[in-house]
Amino acid sequence: MINKVLIANRGEIAVRILRACRDLGIKTVAVHSTADADAMHVRLADESVCVGPPQPRESYLNIPAIISAACVSGADAIHPGFGFLSENSVFAHMVKEHGLVFIGPKADHIAMMGDKIMAKKTFARLGLPMVFGSDGALNNIDKATKMADEIGYPVLIKAACGGGGRGMKIAQSRQNFAEAYETARHEAGIAFGNDQVYLEKYLSNPRHIEFQIISDEFGNAIHLGERDCSMQRRNQKIWEETLSLVITPEFREKFGQKIARAMGELGYVGVGTLEFLYENGQLYFIEMNTRIQVEHPITEMITGIDIVREQILVAGGNRLSLSQDDVMFRGHAIECRINAENSDTFLPSAGTVTNYHCPGGPGIRVDSALYDGSKVPPYYDSLIAKLIVQANDREQCLARLRRALGEYVIEGVDTLIPLHQNLADDPDVISGKFDIHFLERKITGKT
Ligand code: ADP
């Protein structure tokens with residue numbers, strides 16, 4: 001039984017977790033850096049502990065400070081949110097060693113999925129289809145070139161420990177393969193402390209489709225359908241939808257069950273997302289995220305399931321409160337990531353919010369930690385709010401989205417609201433014709 005949760009995160013996700021805890025009657029402890037002393041997650045929590053100066057390394061990534069804060073405040077569990085320490089298997093292990101519950105999967109599963117080569121091997125063994133590529137790490141240029149020739153160009157060189165859209169290089173032809181390979185290894189070594197890379201066929205027009213799963217320690221595993229996250233800039237998601245326009249109900253049911261079975265066989269406990277690329281009617285596995293995801297609210301909107309609540313409950317040793325037959329999908333939902341960035345240049349914009357008005361009305365949900373006078377510090381991820389809209393069908397959803405974007409006022413920092421307004425009016429977006437390269441093409445004006 002969990003009574004008090006320390007939330008090792010900040011911003012909207014810290015507030016989201018806090019809300020699930022409060023609904024469950026669980027006490028909350030916020031941690032914060034000195035830059036976030038007045039932040040919304042600190043204001044709303046039952047208690048708060050300052051864990052260090054603004055730089056993430058010294059505060060939100062400071063493992064001794066966070067575990068000490070949990071022990072001192074009498075928390076019995078830690079929720080890592082996403083980013084920061086959420087996929088750090090050493091942290092998950094240490095939390096357990098201190099007699100606390102880690103609200104996430106077992107440390108071994110985090111480590112397994114954090115190494116994308118291992119993750120691919122695991123799911124290939126469990127029968128999921130893979131993007132054509134190398135079987136494992138390629139540590140020498142001759143072997144790598146031979147493999148690239150076999151795969152056929154363009155080839156993607158990916159870091160085994162990459163994440164957040166970073167650690168990927170495209171080789172368009174054999175001529176630039178050696179340079180791309182060496183650069184990818186060098187950059188991976190610096191960014192992730194591990195220079196192992198593997199190769200994948202670079203798919204020219206895929207969609208990004210991912211399945212949400214939840215499972216408990218009693219072997220119950222279910223899926224909550226898929227999300228289409230093809231709208232990306234620099235391999236980072238900007239806008240997500242569910243259900244996808246390209247997945248039929250029959251395919252969803254069959255494939256979803258296959259994934260749920262695979263999770264059961266793995267003995268995975270908690271929430272997770274399996275990411276795939278979709279091309280020519282096929283899904284190809286690329287990676288698994290072992291944490292709650294930014295875009296989880298769209299699934300919550302169409303299923304009515306509080307995923308964070310279930311996540312906390314299963315981490316506390318409870319059975320899943322629902323079975324696959326309880327999962328129904330109602331209408332369509334879209335999430336727009338409102339980043340504090342200039343809509344034209346994408347330059348991050350820090351500052352103070354001088355005027356804030358949040359949209360409302362039927363089908364609208366806003367997950368944010370903003371308020372009039374709140375600070376957007378320059379040290380952290382630029383995601384400051386998520387606008388989530390649900391309606392009976394996609395057309396109505398887009399109409400509601402346009403209305404909500406028109407109502408949303410955030411002054412004092414630049415935001416991506418104008419970009420989202422532009423997307424919501426785009427004929428290709430309206431007809432649902434977009435792949436992972438659509439946004440980049442639209443921004444650069446290339447067709
Ligand atoms: P990360 O962990 O950094 O998010 P992923 O493996 O999930 O890395 O890939 C992120 C994005 O990169 C995908 O959503 C897709 O847009 C693009 N991508 C990944 N693999 C391929 C591929 N084989 N071909 C084309 N695009 C890819």
Side-chain angles (χ1 to χ4, degrees), residues 82-84 86-88 110-124 128-135 137-138 144 147-148 150-172 177 180-181 184 187-188 190-194 196-212 226-241 244 246 272-280 282-295 335 337 381 383 434-443:
F82 50 65
F84 294 129
S86 61
E87 287 175 301
N88 182 327
I110 300 177
M112 179 190 273
M113 300 309 165
D115 177 344
K116 294 178 171 192
I117 294 173
M118 184 102 83
K120 287 187 81 167
K121 281 192 175 149
T122 304
F123 285 112
L128 295 188
M130 301 289 135
V131 180
F132 185 47
S134 61
D135 272 342
L138 288 163
M147 188 69 222
E150 208 175 298
I151 293 169
Y153 297 92
V155 162
L156 197 57
I157 304 145
K158 297 174 88 170
C161 295
R166 292 172 306 130
M168 280 179 245
K169 282 269 167 302
I170 304 173
Q172 291 294 352
F177 180 76
Y181 171 82
E187 288 183 5
I190 294 171
F192 312 111
N194 177 333
Q196 294 227 311
V197 295
Y198 62 104
L199 305 185
E200 267 177 12
K201 173 81 191 160
Y202 179 74
L203 302 183
S204 50
N205 301 107
R207 285 180 180 251
H208 173 119
I209 305 277
E210 58 186 35
F211 274 76
Q212 174 76 56
E226 79 284 359
R227 297 183 282 257
D228 186 324
C229 312
S230 305
M231 200 71 80
Q232 302 180 354
R233 179 177 170 268
R234 300 202 170 153
N235 300 322
Q236 288 178 16
K237 302 158 190 168
I238 293 278
W239 154 313
E240 300 96 350
E241 303 194 24
S244 164
V246 295
T273 304
L274 281 88
E275 299 193 329
F276 301 85
L277 293 179
Y278 173 93
E279 203 169 62
N280 303 325
Q282 280 287 333
L283 285 176
Y284 303 98
F285 175 83
I286 48 172
E287 70 158 339
M288 176 174 185
N289 291 322
T290 52
R291 52 170 166 81
I292 191 75
Q293 280 193 293
V294 175
E295 58 273 25
E335 171 181 278
R337 296 193 188 195
D381 191 274
L383 179 75
F434 50 85
D435 58 40
I436 59 166
H437 306 302
F438 170 84
L439 184 56
E440 213 76 60
R441 280 196 301 265
K442 186 173 161 74
I443 294 165

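All values derive from a computational prediction rather than experimental measurement. When a ligand or atom number is given, it counts from 1 through the structure's own listing order.
The option from Gln232, Lys116, Lys158, Glu275 that lies nearest to atom 8 (O) of ligand 1, judged by heavy atoms, is Lys116. Selection from His208, Met288, Met168 by nearest heavy atom to atom 10 (C) of ligand 1 gives Met168. The nearest non-hydrogen atom to atom 27 (C) of ligand 1, considering only Asn289, Val155, Leu277, Asn235, comes from Leu277.
The backbone N or O of Ile117 sits less than 3.5 Å from a side-chain atom of Asp115, completing a donor-acceptor pair. Here the side chain of Glu279 pairs a donor or acceptor atom with the backbone of Asn205 at under 3.5 angstrom. With hydrogens and angles ignored, the 3.5 Å screen pairs no side-chain donor or acceptor of Ser134 with any backbone N or O of Tyr198.
Scanning all protein heavy atoms for the shortest distance to atom 3 (O) of ligand 1 gives Gly165 N, 2.5 Å. Ile436 CD1, 3.4 Å is the protein heavy atom nearest to atom 26 (N) of ligand 1. Ranking the protein heavy atoms by distance from atom 24 (N) of ligand 1 puts Leu203 N, 3.0 Å first.
Numbered from 1 in the order shown, with element, the atoms of ligand 1 that lie under 4.0 Å from a heavy atom of Glu287 read 1 (P), 2 (O), 4 (O), 5 (P), 7 (O), 8 (O).
For ligand 1, none of its N or O atoms has an N or O atom of Ile286 under 3.5 Å away.
Taking the six-membered ring for Trp and thresholds of 30 and 60 degrees, Phe285 and Phe276 have ring planes more than 60 degrees apart, a perpendicular arrangement.
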Checklist line | Intermediate values then yes/no, side chain to side chain donor-acceptor pair (under 3.5 Å), Gln293 and Thr273 | finding: CA-CA 8 Å; Gln293 280 193 293; Thr273 304; 2.5 Å; yes

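Contact annotation: the side chain of Glu210 never approaches that of Glu240 to less than 4.5 Å [non-hydrogen atoms, C-beta and beyond].
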